[in-house]
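Down below is the structure, laid out as C-alpha cells.
Order of appearance sets the numbers: ligands from 1, and atoms from 1 within every ligand.
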Amino acid sequence: MAVDPRELEWRLRVFDSLSFPTRILKTDGTIVAVNDVFLRRYQHDPNTIIGRTCIEVNRRQFPKQTFPCMNNRSCPLCRAVDTRTGQSVLLHAVDEKGDERWEDRVFSPILDEDGTVGYIIESIRDVTNVKRLEKLYSDMRELIDKVVQSSVSGIIAANRKGDIILANRAAEELFGYSSEEVSEVSIEDFYPSGVAREIMRKLRDERLGGRGKLPITRVDIVNKSGDQIPVEMTAAIIYENGEEVASAGIFNDLREKLAVEKKLQEAQAKIGQTEKMASLGRLAAGVAHEINNPLTSILLYGTLMREKLERDHPLSQNLDYILEDADRCREIVKNLLAYSRQSSATKEVFPFNAAVTDSLRLIHDQRLFMNVEVIRDLTDEEVLVRADKNQICQVVINLIMNAVDAMEEKGTLTLATCLDETGERALLEVTDTGCGIPTENLSKIFDPFFTTKGLGKGTGLGLSMAYGVMEENQGRIFVSRTGPEGTTFVLELPRITVSSNEIYESIG
Ligand SMILES: Nc1ncnc2c1ncn2[C@@H]1O[C@H](COP(=O)(O)OP(=O)(O)OP(=O)(O)O)[C@@H](O)[C@H]1O
Ligand SMILES: [Mg+2]
C-alpha cells in the first residue's frame, strides 16, 4: 500500500526531532537514514555513511577498538532480526581523540505487514555521566570498605531487626565470630541481657549526645565463648528519609588499658603503703626505745618489791596490777620492735609446712577451736624457706587468732601451703569464713594500733608486727580475698632450694 506523502514527511520530521542520535538500518546493517542529532553528535557527512554498514562506520569512528557487537553471535542487530524484539548493547567507546564514552544502543525492529523485520531503528543514549557516577560510587565504596576493614576499632552495623549487616575484621576478632558466623547472630547476642535495648533507648534519647547518637560509653560486650569484655563504644542510628534503617557501633577493647591502669594503681598504692609503713616504723621504733628503758626499770623494781612484799600486805594486789600491765606493755614494745624491724632475727631454712604445724601446736588453748573446723591443706612438695621460724610462727598464730575472732569462734579455718605460678615463691594462706574486712579498712589494717576490737581486746599490733616480720624476711603479707564469705591472708616468702647439707648446717 502506497504511503501518503504527507504522512511520510511527518514521519521524517518525527525521526529528525528525536532527541537521541538515531539511525535506520537494513537487516544486514546497511545504514539507510540518520537523524540530525546523529549527524551533529558524530560530525558525520551523511554522504559518507548512508549506504555503509554500521560496522564500517563504527570502525572508522573508533579505530582502536573492537566491539563485542562486531562478533556475529553477540551482534544486537542480528538478535533483533532473529527475535523480532528490541535488543540493547552497552558500548564503552574511545574515539580517535582518546575521549571515553559509554553508550546504551537500543535496536528496535520495524516489522513489515507480513510480520518480517524490514528495518531496524538504532537509538543511542549517552550514559557516560551515569557510568562515571557509578564508577565514582563503586570506587568510593571500595575505599570506605578498605577504611572500615583496616580500622583497629571493631565496627558493626545491624538492620532494624537486629541482624548483623556489617562487621569488620577487628569486630570479628573482638566478638570471636568468623565472617560467615557473624551474619547468623543478632546484635542482642553481643551484649549481656537487656544492654542492647538500653543502648537503643539511649540512642533515641536526644538529651544524650543528640538524636540518634551515643557519646563514648563504657559497656561490657559478650563474645562467642560467653566471656564479658569491657569496651568503650560509640553508636549511631542511620536514617533514610527520616526513618530508622540501621544502627552502627564502634568498639574499642579496654582489657589492655584497664590492666595497665590497675597495675599503675596497685603500684601507686604500694608506694603509698610502703612510705606510710616506713614512717610509722620509724615512729614505732622511737616510741619503743623510749618506753623500753623506763619499762625495764618498772619491771625490775616491781619484781624486787614483789619478792619483798608479803602476800597479805594491803598494797600487794596493786603491785600485781602494776606488774601485769607492765608485762603487757613489754609485749607491746616487743611487737612494735618486730614491726619496725628492730628486733634481731635468727634465720634458718625450714619447710614452710612447719610454720602451720608448729603454730597449731603452740596454741594450747583448745577451747578456742571448739566450734572451729581446722583444715590443713599442705603441699606435698618440698617447699623450703629461709626466715626466723619463731617470728613466722608468731605471725601465723596472729593470723589464726584474727580469723577466729572474725568468725566469732565458729566456722572453718583453712591453712594451706603451695607455690606461686612461677614456682619461685612459697605461699601460706590462712582462710576464714568470718565477717570480712570492709573496703575502707583494707588500707589501715597493717597500721600499728589499728583495731576494730573493743577496748582491752586488741592492741592493733598483730598485723603490723606481721608486716614488719615479713618485710624483714624478704617476704610479703597481703589480703588476697575478703568479703561476706570470709577472708584469705597470704604470707609469701622466697622459695629456697638447697642441698640437705646446707639444711643440716642451717638448722644445726
Ligand atoms: N581475718 C580477719 N577478718 C576480718 N577482719 C580482720 C581479720 N584480720 C584482721 N582483721 C581486722 O584488722 C584489724 C587489725 O588486726 P590486728 O591483728 O593488727 O589487730 P587486732 O587483732 O585488732 O589486735 P591484736 O592483734 O593486737 O590483738 C582487726 O581489728 C580487724 O578489724
Ligand atoms: Mg590480731
Requested in this report: With sequence neighbours left out, write down each residue that passes salt bridge (charged side-chain N to carboxylate O under 4.0 Å, His left out) with Lys202, or none if nothing qualifies.
Outcome: none

Query raised in the report: If you leave out waters, which protein N, O or S atoms are less than 2.8 Å from the Mg ion (ligand 2)?
Result: Asn402 OD1

Query - Sequence neighbours excluded - ring-ring contact (aromatic ring centres under 6.0 Å, His included) pairs with any residue from residues 158-184 - result: Phe175-Phe190, Phe175-Phe251, Tyr177-Phe190

Query - Test log, rule salt bridge (charged side-chain N to carboxylate O under 4.0 Å, His left out), inputs Asp320 and Arg306 - result: CA-CA 8 Å; Asp320 281 347; Arg306 169 76 282 154; 2.4 Å; yes

**Report entry** Option among Glu173, Glu184, Glu172, Glu181 that satisfies the salt bridge (charged side-chain N to carboxylate O under 4.0 Å, His left out) test with Lys224
**Finding:** Glu181

**Report entry** Pairing of Arg211 and Asp205 as salt bridge, 4.0 angstrom limit
**Finding:** no

Considering only N or O atoms, set out every pair between ligand 1 and the protein closer than 3.5 Å, with distances to one decimal place.
| residue | atom | partner | partner atom | Å |
| --- | --- | --- | --- | --- |
| ligand 1 | 1 (N) | Asp432 | OD2 | 2.8 |
| ligand 1 | 8 (N) | Asn402 | ND2 | 3.4 |
| ligand 1 | 17 (O) | Asn402 | OD1 | 3.1 |
| ligand 1 | 17 (O) | Asn402 | ND2 | 2.8 |
| ligand 1 | 17 (O) | Leu463 | N | 3.4 |
| ligand 1 | 18 (O) | Leu463 | N | 2.8 |
| ligand 1 | 21 (O) | Asn402 | OD1 | 2.8 |
| ligand 1 | 21 (O) | Lys453 | NZ | 2.6 |
| ligand 1 | 22 (O) | Thr451 | OG1 | 2.5 |
| ligand 1 | 23 (O) | Thr459 | N | 3.4 |
| ligand 1 | 23 (O) | Gly460 | N | 3.0 |
| ligand 1 | 25 (O) | Gly462 | N | 3.4 |
| ligand 1 | 26 (O) | Thr459 | N | 3.2 |
| ligand 1 | 26 (O) | Thr459 | OG1 | 2.5 |
| ligand 1 | 26 (O) | Gly460 | N | 2.9 |
| ligand 1 | 26 (O) | Leu461 | N | 2.9 |
| ligand 1 | 26 (O) | Gly462 | N | 3.3 |
| ligand 1 | 29 (O) | Thr451 | OG1 | 3.3 |
| ligand 1 | 29 (O) | Thr452 | N | 2.9 |
| ligand 1 | 29 (O) | Thr452 | OG1 | 3.3 |
| ligand 1 | 31 (O) | Thr452 | OG1 | 2.4 |

Requested in this report: I would like to know whether Glu103 and Arg101 meet salt bridge (charged side-chain N to carboxylate O under 4.0 Å, His left out); could you show each step before the answer?
Outcome: CA-CA 6 Å; Glu103 290 176 349; Arg101 198 162 48 215; 3.1 Å; yes

Requested in this report: For the residue pair Tyr467 and Phe446, categorise the inter-ring angle as parallel (less than 30°), tilted (30 to 60°) or perpendicular (more than 60°).
Outcome: tilted

Query raised in the report: Do Asp126 side-chain atoms and Thr128 backbone N/O form a donor-acceptor pair below 3.5 Å?
Result: yes

Query raised in the report: Can you tell me if Arg376 and Thr417 form a side-chain donor-acceptor pair at under 3.5 Å?
Result: no

